[in-house]
Amino acid sequence: MATTTKQATAKDATAKTLADPMAGARAAGVAFAAAGLTPGEGGELHQRMAADAERMTTNNGIAISDDFNSLKAGPRGPTLLEDFALREKIHHFDHERIPERVVHARGLAAHGVFRLSDSLADFTTAAVLSDTALETPVFVRFSTVAGNRGSFDLARDVRGFAVKFYTTEGNWDIVGNNIPVFFIQDAIKFPDLVHAVKEEPDRGFPQAQSAHDTFWDWIACSPEAMHMVMWQMSDRTLPRSVRTMQGFGVHTFRLVNAEGKSNFVKFHWTPKQGMQSVIWDEAVKINGADPDFHRRDLYNAIEMGDFPQWDLGVQLFTEEEAASFDFDHLDATKVIPEEIIPVRNVGTMTLNRNPTNVFSETEQVAFCTQNILPGIDFSDDPLLHGRNFSYLDTQLSRLGSVNFTQLPINAPKCPFANMQRDGHMQHSLQPERVTYTPSLLAPKGPREDAVRGFRSFPAPIEAVKVRERSETFADHYSQARQFFISQTEPEQDHIVAALIFELSKVDAMVVREAMLGHLANIDPELGERVAAGLGFDDPITPIPQALPTRTDLPASPALSILARAVATIMGRKIGLLVTDGADVGLVGAIVSAASAAGAKVEVIAPKVGGAVLSDGSKLVADHQLAGGPSVLFDAVALAVSADGVSALLGEAAAVSWVHDAFAHLKVIGYSAEAQPLLDMAGVIPDAGTVALSGNDAAMFVDAAANGRIWAREPSVRTVY
Ligand code: HDE
């Protein structure tokens, strides 16, 4: 009996659909739900919100009557193959994924603009670098390298920093990293490096980590990687935010001016937000607490109107200067110390808009190192040349068509025309009859432009074909040592700790021993410290070197994050732990001191609904205690009542909230009532523990702006 009623209702709805498809569809939805035909699917709720809804159709524009039930022979099936709406929906879903990038799969991106402030017209004809009146749209994708698309943001990893400039003369891509050197000198080694660092193929793990045998096996056999390894083991690979990291074009490029004169150039991006990294233990915990930490951070900053900015800097040098360097500027494992060639800042990039759709933009954007403009050219760096082949090639497997440049995110914003035709997914109607050159039939068809067109710099070449590495690429350790001695003490300690951690995950003793031999080549004390941390008691056997490590290279403070740290809390986050009964005056003072300094306060309470403060008002929380661990914040404050604290003493999440903040060297502000919790968490008073009454809130925020309390570190972690 019940079944008959349901069928009748559904039939009525179908009849209405035929007369007035939209009204019918809505009525059908309500009727279906009312009749219980879509149990648990929220059909009724769904339709309640549908007053002004757009009509749902197939991809061919045919209106859909019911998107909850497939077409069946009777309500209990079987399902009918003629249900084209079902087949289309599932078919499209089945093909939603495209191959992820072989490397740099996990990315986050934003739109923005680049403004030139200092014209380089003497050096290049490229308008984007010479016309200060232009505002050039950009799209920037940051990424981790090793992990798959679903990995976590705070892997210890190099970060990609790829910028696409949509210039008036075509797209220019600087496909860089947040580290100015690379692991290898020749492109032919890249697949091996990547195979070594990716998850081991016989077991499928570890994901997004270099701390495993195959990576260090390959490194131990590749002395050229040692400089990069020092950067990789440093805090550079644990950025607090993509907003607080530098970017580098890595390779030497050329700028060519109107007279055809060429200068060499290296590109640098320097964050106006200052540089900042997290501590390893913090990174490990952030990955659990918020695997999307970096993408959420950038997204939220842009949504709040706090637009991150980077200065674009250039290191310009002549052929003669290049010849005078004691390293080869074509070797991507070397930096040009800023003390030798200073960085000249010429413009600013501002990221001011989040992608509209992550798949269409962040995923489908196709960066290519070969995208350069008239007035910019390649150097002979062999790694760069390999890349110029690779990036075009990879787009075909990922995006599936030579027409990937027609996707909106990849298409130039200046006019473009040529005789390339057809191919998978051709979007342009291409009405022209003449699709070739030369021709008399189409006098308005695209023609070459000998004056404004791209011309390669006519660098003379006289050479013998060889498979050889230049002898000028042979010094693998001197700049590695220079990097190490340029770091502040805590930064050196972190490099040592990172090496101990990574090598402790390597089971093969032969690899561990070889790595100690390389580290001893870089700096004997570094080798000894890592050996001590590993409990390796035998003498270290240095690895034979092509050239001895130079010990006369001076420290370069520009290579350290902390030496260039900016004292600011602007754009950073303070975690404020409150309980019922917390002093309303203190809470207000913290919030206003923080906002005066440009910091954001997020409230953590035992219940996400909030806490009732001393005046009876309710402060709504951003996070429940377990969902807002202190690792997510740059500094923390506790505004708690005596009763509130008693309850927290039995709450492990509260104890570790405070303990972690202390162990991660954060500034901790606290109301007097918080003392029992601080004691339980092992907090020892120091310059970073600030007792708070209302007036001291500004003092706390000032202390927090100075960053971490490095002097505390030896008391919370073993330094080898
Ligand atoms: Fe890449 N690299 N790479 N790479 N790379 C790719 O291109 C490659 C290298 C870098 O956000 C791939 O579109 C080779 C150095 C970034 O979409 C691929 C060699 C530097 C990104 C590829 C290198 C980079 C990539 C994967 C050695 C720093 C992500 C998908 C010759 C200067 C860009 C793709 C984005 C991506 C090849 C070395 C940076 C496979 C063969 C050095 C930031 O084409």
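Order of listing sets the numbers, starting from 1, for every ligand and every atom in it.
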Heavy-atom nearest neighbour in the protein, as seen from [atom], with distance rounded to 0.1 Å:
atom: atom 13 (O) of ligand 1; result: Gln395 NE2, 3.1 Å
atom: atom 34 (C) of ligand 1; result: Thr394 CG2, 3.3 Å
atom: atom 37 (C) of ligand 1; result: Ser390 OG, 3.1 Å
atom: atom 25 (C) of ligand 1; result: His104 CD2, 3.2 Å
atom: atom 28 (C) of ligand 1; result: Asn177 ND2, 3.1 Å
atom: atom 8 (C) of ligand 1; result: Phe190 CE2, 3.2 Å
atom: atom 43 (C) of ligand 1; result: Gly176 O, 3.1 Å

Atoms of ligand 1, numbered as shown, that sit under 4.0 Å from any heavy atom of [X]:
X: Arg101; answer: 17 (O), 30 (C), 35 (C)
X: Gly160; answer: 43 (C)
X: Ala187; answer: 31 (C)

So, do [X] and [Y] sit near enough that their side-chain heavy atoms are less than 4.5 Å apart?
X: Leu238; Y: Ile279; result: no
X: Asp380; Y: His385; result: yes
X: Met275; Y: Asp235; result: no

inquiry  = So, 2.8 Å as the limit: is an N/O/S atom of Tyr391 located closer than that to atom 1 (Fe) of ligand 1?
reply    = yes
May I ask you to identify, for [X], whether its side chain, its backbone, both or neither come under 4.0 Å of ligand 1 on a heavy-atom basis?
X: Leu383; answer: both
X: Val103; answer: both
X: Val175; answer: both

message = Would you say the ring centers of His329 and Phe264 fall short of 6.0 Å from each other?
response = yes
query = So, for Trp172 and Phe267, is the gap between ring centers shorter than 6.0 Å?
reply = yes
Exceeds 12 heavy-atom contacts within 6.0 angstrom, atom OH of Tyr299 = no
ask   = In terms of heavy-atom contacts, does CZ of Phe389 have more than 12 from other residues, nucleotides or ligands at under 6.0 Å?
value = no
message = Using a strict threshold of under 4.0 Å (side-chain N to carboxylate O), is an ion pair present between Asp475 and Arg550?
response = no
task = Identify whether NZ of Lys or CZ of Arg in Lys266 sits under 6.0 Å from the centre of the six-membered ring of Phe248 and within 45° of that ring's axis.
result = no
key: Cation-pi geometry met for Lys334 and Phe327 (6.0 Å, 45°)   = no
note = Judged by heavy atoms only, the candidate from Arg387, Arg141, His251 nearest atom 11 (O) of ligand 1 is Arg141
